There are 2 protein chains.
Amino acid sequence: MQRPYQCGIDAAIDVIDGKWKVLVLWALDSGARRFGETKRLLPGISEKVLAQQLREMEADGIVHREVYDQVPPKVEYSLTERGRALNAALAPLNAWGKERIALLEAEAEETAAAAAAVAPAA
Amino acid sequence: MQRPYQCGIDAAIDVIDGKWKVLVLWALDSGARRFGETKRLLPGISEKVLAQQLREMEADGIVHREVYDQVPPKVEYSLTERGRALNAALAPLNAWGKERIALLEAEAEETAAAAAAVAPAA
DNA sequence: CGGCATCCGGGCCGATACTG
DNA sequence: CAGTATCGGCCCGGATGCCG
């Protein structure tokens, strides 16, 4: 995805592009989080990738990085005003996605029921 | 991005994941389009990728594929109800992205002005 | 016109190890 | 605690060529 963008969606996608960014957005939505704290909220993410994504989001102006000069080191990440706006803009998409999940689950149940009918005692 | 999803956003992202899907969505929003017609609306996309993305979107239930049995071949693609709903859910994100583009352009102008001040006649 | 098969290159992501 | 460095694999997407 290269700039300049062909439409606003591209510009937004570009910012949330990355396997974890949306999850990071949600993790930070409830308030400031420390690095390790955020990592714990995202099971499976590596430190390298989390740091990467946070840096990119900071560069994109949706995350604020606050460094406390102390030992042990402490760094807090929080959403900027624009980050919160982005999260709000994501809400309808979230609703749409939840509907899709519900549909997928319904289909899965049908499939399971059909399979059970074909081989009830296999 | 693997199922099951951790949140609705993931499920939605999964559907629009792919360099061109959002653009395809927009291209089809104004009505049914033929394959070549759609391709022309997306400068730079290859036929393989366009076909791929259309198939995936069809599998995800957001695009309808209508084949006319005639020569020369004619295939029309259109959005399903869910596809239109997805597009609607994307609108706030589009608005957010447009704001971001405006901000980026403003920054670019400042940079250009600063550069001009440093080397006015270079 | 519409679409598939094959090859290939780059980027993202993950695992591991190391540092202040 | 909060990163950085390096390596490797996988998948996406681009180019090309062929088929109904």
Side-chain angles (χ1 to χ4, degrees), chain A residues 1-3 5-6 9-10 12-25 27-28 31-60 63-78, chain B residues 1-3 5-6 9-10 12-28 31-60 63-79:
Chain A
M1 214 74 79
Q2 73 297 342
R3 304 164 207 169
Y5 304 109
Q6 308 191 31
I9 299 281
D10 279 0
I13 294 274
D14 201 25
V15 169
I16 59 172
D17 196 20
K19 195 173 181 180
W20 300 92
K21 284 194 189 162
V22 178
L23 274 346
V24 172
L25 219 49
L28 296 183
R33 300 266 179 215
R34 300 186 57 172
F35 185 86
E37 200 176 355
T38 309
K39 178 168 165 18
R40 247 168 279 123
L41 290 174
L42 306 170
I45 195 172
S46 72
E47 293 177 355
K48 185 196 76 170
V49 174
L50 176 56
Q52 251 179 23
Q53 311 259 313
L54 282 169
R55 300 298 182 154
E56 290 177 19
M57 295 169 79
E58 187 190 3
D60 285 332
V63 160
H64 173 68
R65 183 167 181 266
E66 185 78 32
V67 181
Y68 296 84
D69 192 9
Q70 62 183 45
V71 280
K74 178 179 169 182
V75 181
E76 271 192 353
Y77 295 91
S78 55
Chain B
M1 214 73 79
Q2 72 298 342
R3 306 164 205 167
Y5 304 110
Q6 308 192 31
I9 299 280
D10 279 0
I13 294 273
D14 202 24
V15 169
I16 59 173
D17 196 20
K19 195 173 180 180
W20 300 91
K21 284 194 188 161
V22 179
L23 274 349
V24 172
L25 219 50
W26 281 65
L28 296 183
R33 301 264 178 216
R34 299 186 57 173
F35 186 86
E37 201 176 355
T38 310
K39 178 169 165 19
R40 247 168 279 122
L41 289 174
L42 305 170
I45 195 172
S46 73
E47 291 177 357
K48 185 196 79 168
V49 174
L50 177 55
Q52 252 178 21
Q53 311 259 313
L54 283 169
R55 300 296 184 156
E56 291 177 18
M57 294 169 79
E58 187 191 3
D60 285 332
V63 160
H64 174 68
R65 184 167 181 267
E66 184 79 32
V67 182
Y68 296 85
D69 192 8
Q70 62 183 48
V71 281
K74 177 179 171 185
V75 181
E76 271 192 353
Y77 295 91
S78 56
L79 294 187

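As the structure is a prediction and not an experimental result, all values here were calculated from the model. So you know, we letter chains A, B, ... as the sequences are listed, proteins then strands, and number each from 1.
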May I ask you to decide if Ala27(B)'s main-chain N or O and Arg33(B)'s side chain share a donor-acceptor pair within less than 3.5 Å? yes
Rounded to whole angstroms, how far apart are CD on Gln53(A) and P on dG11(C)? 16 Å
Separation of dC1(C) P from Gln70(B) CD (nearest whole Å): 13 Å
Using the heavy-atom set of chain B and a strict 4.0 Å cut-off, write down the first and last nucleotide of DNA chain D that makes it in, 5' to 3'. dG13(D) to dG20(D)
How many Å lie between CD on Gln52(B) and P on dG2(C), as a whole number? 18 Å
side-chain N/O Arg65(B) vs dG2(C) OP1/OP2, d < 4.0 Å: no
Residue-level proximity of residues 36-49 of chain B to DNA chain C when a heavy atom falls under 4.0 Å: Gly36(B), Glu47(B), Lys48(B)
Ignoring backbone atoms, test whether Arg34(B) places a side-chain nitrogen or oxygen under 4.0 Å from the OP1 or OP2 oxygen of dG2(C). yes
Keeping Lys21(B) on the side-chain end and Asp17(B) on the backbone end, is there a donor-acceptor pair under 3.5 Å? yes
Look at all strands and tell whether Tyr68(B) reaches a base, only sugar-phosphate, or nothing, counting heavy atoms closer than 4.0 Å. nothing
Candidate pair Leu54(A) and Phe35(A), rule side chain to side chain contact (heavy atoms under 4.5 Å, CB included), full reasoning: CA-CA 9 Å; Leu54(A) 282 169; Phe35(A) 185 86; 4.1 Å; yes
Could you state the CZ-C1' distance from Arg33(B) to dG2(C), rounded to the nearest angstrom? 17 Å
Qualifying residues under side-chain contact (heavy atoms from CB on, under 4.5 Å), relative to Gln52(A), sequence neighbours excluded: Lys48(A)
Can you measure Phe35(A) atom CZ to dT19(C) atom P for me and round it to whole angstrom units? 18 Å
Round to the nearest Å and state the distance from Trp20(A) atom CH2 to dC13(C) atom P. 10 Å
